[in-house]
Each structure stands twice: as C-alpha cells, then as structure tokens.
There are 2 protein chains.
Amino acid sequence: MDYMNTAPTSADPGEPRWLTAEEQRVWRAYIDATTLLEDHLDRQLQRDAGMPHVYYGLLVKLAEAPDRRLRMTELAMSAKITRSRLSHAVARLEKSGWVRREDCPSDKRGQFAVLTDEGQEMLARHAPGHVNAVRQAVFDRLTPEQQKSLGEIMRIVAEGLQPSEAGADLPWLR
Amino acid sequence: MDYMNTAPTSADPGEPRWLTAEEQRVWRAYIDATTLLEDHLDRQLQRDAGMPHVYYGLLVKLAEAPDRRLRMTELAMSAKITRSRLSHAVARLEKSGWVRREDCPSDKRGQFAVLTDEGQEMLARHAPGHVNAVRQAVFDRLTPEQQKSLGEIMRIVAEGLQPSEAGADLPWLR
DNA sequence: CTCGTGTACTTGAATTCTCAACTTCCACCA
DNA sequence: TGGTGGAAGTTGAGAATTCAAGTACACGAG
C-alpha cells in the first residue's frame, strides 16, 4: 500500500507508478546502507577527531583548494549544503581553531573560509583513520567492477539532482 | 594529501592505504549523490507531509508490520537508528497523531509503536508523491542492470556494517 | 547619482540528533 | 527468595540542521 501496489501497471497519469518488489528491495538496501554508513563514519570521526563527517569533508575541500581557501558560496556548492548550514558549521570550526575567516578584498560582502595550520595538521593526523574506515566499509568489500559501477550510478543520480552543474556557475536555486 | 597519496603502494602496515584517484572519484560521487538525495527527499516530504524522510520511513515500517505495530527496539533495528533517536521521533509522531504507544502485555518494560488510522491515511495521501520523487531521482535514470548492481552493492555495504544480521536477534551493540 | 533588484552571507528560533545517564523490569542463579 | 547483570525504553542537555528573515554590498538602468 505504500511502495508497492498489487494492481497491474496502469497508463493512467493520475495513478502513481509504484515500485516493483525488486525496486523496493533495491531502495531499502540503499536506505539501509547509506544510513548505516553515515552513522558509522560520523561515529568514527566524532570519536577520533571530534567532529561530524560533514565538517571533516569541509576541511578536506579547503585543504585541496588553492591557497587552502574558498569563498563561502563555493564551499557550500562544492559540499552540496546550504549556505546557512555552512555558516553555522564554519562558526563552529572557527571556534575549534581549524578554520579562520577572511574578508574578500574584491567584494566586501564576500568571505573566505581558510584552513588554518592547526586544521591542516589535524587532517594529516586523522586522515589515515578515516580512509581506513571508508576502505573497510566500502572499497575492500567491492569488486573493481562494482566500484566502477557504483561511481557511474552515483554520478548519474547526483547529476540528476544538481540544478545545472553542466550549465554554468548558475546559482544555488532553492 | 588527504584521500590520495603520491607515493607508490607500500606494504608497511603503519602506512595507510590511501585511495587511488579513481577510488576518490567514486567516493566523492557517492557523497555528492547521497547528500543531494537525502536533502531532496527531506525537502519533498517536509513540504508535502510535514515530516523528515526518516520519520516517513518509520511510518512505512509500521504500516507493513503485522497489526500495524512494532516493538520500539524492533522498529529501531529495522530503521537502523538508535533507540534514543526513535524515542524522540515517536514522541513527535505521537504529538502529530500519526502514531500511538501501547504497553506490551508480556513485558512490562516494552512498548509498541502503533500506526494510527490518521497515520495510515496520511501515508496513503503522500505515498504517490514520495514514490514519484524516488523514481525521478533514481530509478528512472538507471538501466535495469544498474538498478540490479546498485542493489547488490548496497546490500554488501549494509551487511558489512550490521553487527550480526545473519547471526540472530542479537542486540544493537554500540 | 540613486534607485531597485539581486547576491553573499549571517542570524535566531524551532526541530532533530547524539551522548551519557537513568528507571524499570526481566531472567537467572545460588 | 533475593541478588545481580542485562535488556527496554526514556530523558535532558548540548550539538547540528532547517527555515525564514535580516543586513550589507554589488551592479545595472535611468
């Protein structure tokens, strides 16, 4: 009655196309795996590095950016989170000393988030543990073909939900 | 410096096995897709049904359970969340009228979460929109082979993170 | 120059989630 | 029969997230 329907497929546009039994199985596996994995990584990083997985991801993005800095909006887009969420997150990371804010000289509204040396060091310290967790949970369990397939599938899904990644620098429309 | 290393593979157990460039691409696609999808579904359900995706999932599990009821711990395990989180969630769903609690006659510590008629109706009302969102974001974009592959991969990952799903009714060890 | 529209980012309040107790009860053993 | 250890569930405080609104600045049209 919820995901599945006993009735045969219908061409009626008002009648929703329910998930088949097999599609349901796939979808539930997806929900289970993503829930468990997110939880697992959050726990690992909270315990070892004292921050949730998302925050760690922000530091990684900064570490890879030229000059270890990114405009707030760029960082938000890159991490696929809202600017509001990022503002709160950076405030917290700033308090912990991993990130510092800097004014943008060319646009007085703008702010850079900059990875501090302490942030850099802490990444270096905890990256091995994190990579290990990811490997254990995902890559060590999948064949090379499955890894490739996972990449393709996830790219398709992400692309479908991105407003216009291909188009241009178009905004964060919500 | 974070996920990848320029150095060749090492047999040193103290040296972490970094992700290759290709593995990184897969991992980032995974993070992007799951973040965007979770956000998308949360928004859709919050707008239409007034609750986050996890809460909706709880109602679905109850709807499928015999007698539309489940013990708290069973529901928590089934949804892959902690009992604490579930307690808060059910308290909220109870306030909204979709769920009601009932004492377990055979175990005075136990509680059933029961889907109310209002909860049932609201599921029926919003299931089409939700299925549609899932379809649009995932199934309509993937070939049958990709769907099958996704299911297998996600089952493997979930299985790896489950303490002992195969073993028995063993507990929720954290 | 200034008005209006839009961009960049922040803020506060309400909601949700985590973590560590805590309460109550069951089951078993001596 | 009375402990005792564990299981079921809740609670409260703090952290994170969402949503709607707010401030400050940019930029083009007139």
Side-chain angles (χ1 to χ4, degrees), chain A residues 35 38-47 49-58 70-96 99 101-113 168-174, chain B residues 35 38-47 49-58 70-96 99 101-114 163 168-174:
Chain A
T35 305
E38 160 102 328
D39 195 70
H40 184 67
L41 296 181
D42 266 344
R43 250 169 242 285
Q44 186 263 317
L45 282 169
Q46 192 72 60
R47 175 168 47 75
M51 73 180 74
H53 184 213
V54 193
Y55 287 24
Y56 184 89
L58 295 175
L70 240 26
R71 285 287 292 270
M72 292 295 281
T73 297
E74 292 182 78
L75 182 50
M77 290 196 314
S78 164
K80 271 76 190 171
I81 64 178
T82 63
R83 273 174 280 179
S84 171
R85 186 175 176 182
L86 181 63
S87 266
H88 291 295
V90 167
R92 195 277 215 185
L93 290 170
E94 211 172 9
K95 244 183 253 177
S96 306
V99 166
R101 283 181 219 247
E102 275 184 26
D103 292 345
C104 174
S106 65
D107 185 339
K108 280 176 195 162
R109 297 166 303 176
Q111 289 273 105
F112 282 102
D169 49 10
L170 274 194
W172 206 214
L173 24 118
R174 290 199 188 286
Chain B
T35 305
E38 161 102 329
D39 196 71
H40 184 67
L41 296 181
D42 265 343
R43 250 171 243 285
Q44 187 263 317
L45 282 169
Q46 191 72 60
R47 175 169 48 74
M51 72 181 75
H53 184 212
V54 195
Y55 288 23
Y56 184 89
L58 295 175
L70 239 28
R71 287 287 293 268
M72 294 296 281
T73 296
E74 290 182 80
L75 182 50
M77 291 196 313
S78 163
K80 272 76 190 170
I81 65 179
T82 63
R83 273 173 286 183
S84 171
R85 187 175 176 184
L86 180 62
S87 266
H88 290 297
V90 166
R92 195 277 214 187
L93 290 171
E94 211 172 9
K95 244 184 253 177
S96 306
V99 166
R101 284 182 220 246
E102 276 185 26
D103 292 345
C104 175
S106 65
D107 185 341
K108 281 178 196 164
R109 298 166 302 176
Q111 289 275 105
F112 283 102
V114 187
D169 49 10
L170 274 193
W172 206 214
L173 23 118
R174 294 200 184 282

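None of the values given here were measured: they were computed from a predicted structure. So you know, we letter chains A, B, ... as the sequences are listed, proteins then strands, and number each from 1.
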Tell me: CD of B:Gln46 to C1' of D:dA20, nearest whole Å?
-> 13 Å

Return no unless some side-chain N or O of A:Arg92 is found under 4.0 Å from OP1 or OP2 of D:dA16.
-> yes

Counting only side-chain N and O atoms of B:Arg83, is one of them less than 4.0 Å from OP1 or OP2 of D:dT10?
-> no

Could you check which of C:dC17, C:dT18, D:dT18 has an atom nearest any side-chain atom of A:Asp39?
-> C:dT18

How is A:Arg101 classified with respect to the nucleic acid when contacts are heavy atoms under 4.0 Å: base, sugar-phosphate, or nothing?
-> sugar-phosphate

In terms of heavy-atom contacts, B:Leu75 and B:Ala113 come closest through CD2-CB, 4.2 Å

What is the nucleic acid contact for B:Asp42, judged by heavy atoms within less than 4.0 Å: base, sugar-phosphate only, or nothing?
-> nothing

For B:His88 and D:dG14, give me the distance from atom NE2 to atom P, rounded to whole Å.
-> 14 Å

So which heavy atom on A:Cys104 is nearest to which on A:Arg71, and how close?
-> SG-NH1, 3.3 Å

Among D:dA16, D:dT18, C:dC19, the one nearest any side-chain atom of B:Ser84 is C:dC19

May I have the distance from B:Met77 (atom CE) to D:dG9 (atom C1'), rounded to whole angstrom?
-> 14 Å

Nearest-Å distance, CD (A:Glu74) to P (C:dC9)?
-> 9 Å

When the distance from CG of B:Leu93 to P of C:dT15 is rounded to whole Å, what number comes out?
-> 14 Å

With respect to the side chain of A:Met72, which nucleotide from D:dA8, C:dT10, C:dT16 is positioned closest?
-> C:dT10

Report the residue (A:Ala89 or B:Ala91) whose heavy-atom-nearest nucleotide on DNA chain D is the more 5′ of the two.
-> B:Ala91

What integer distance in Å separates A:Gln111:CD from D:dA24:C1'?
-> 12 Å

A:Thr73 side chain, from C-beta outward: closest of C:dT18, D:dA26, C:dC9 | C:dC9

Can you find a donor-acceptor N/O pair under 3.5 angstrom joining the side chain of A:Arg109 to the base of D:dA24?
-> no

Could you state the NZ-P distance from A:Lys80 to D:dT17, rounded to the nearest angstrom?
-> 17 Å

Between A:Gln111 (side chain) and A:Arg101 (backbone), is there a donor-acceptor pair under 3.5 Å?
-> no

Minimum-distance nucleotide to A:Asp107 side chain [options: C:dT16, D:dC25, C:dC19] | D:dC25

Side-chain contact, heavy-atom cut-off 4.5 Å: B:Leu58 with B:Val99?
-> no

Go through D:dA8, C:dT18, C:dT16 for me and flag the one nearest to the B:Arg85 side chain.
-> C:dT18

Which of C:dT10, D:dT17, C:dC17 is nearest the side chain of B:Tyr55? It is C:dC17

Protein-nucleotide distance (A:His53, atom NE2; D:dA16, atom P), rounded to Å = 15 Å

Between B:Lys80 and A:Thr35, the two heavy atoms sitting closest are O-CG2, 3.5 Å

With distance as the sole criterion, is a donor-acceptor pair present between the side chains of B:Arg92 and B:Ser96 under 3.5 Å?
-> yes

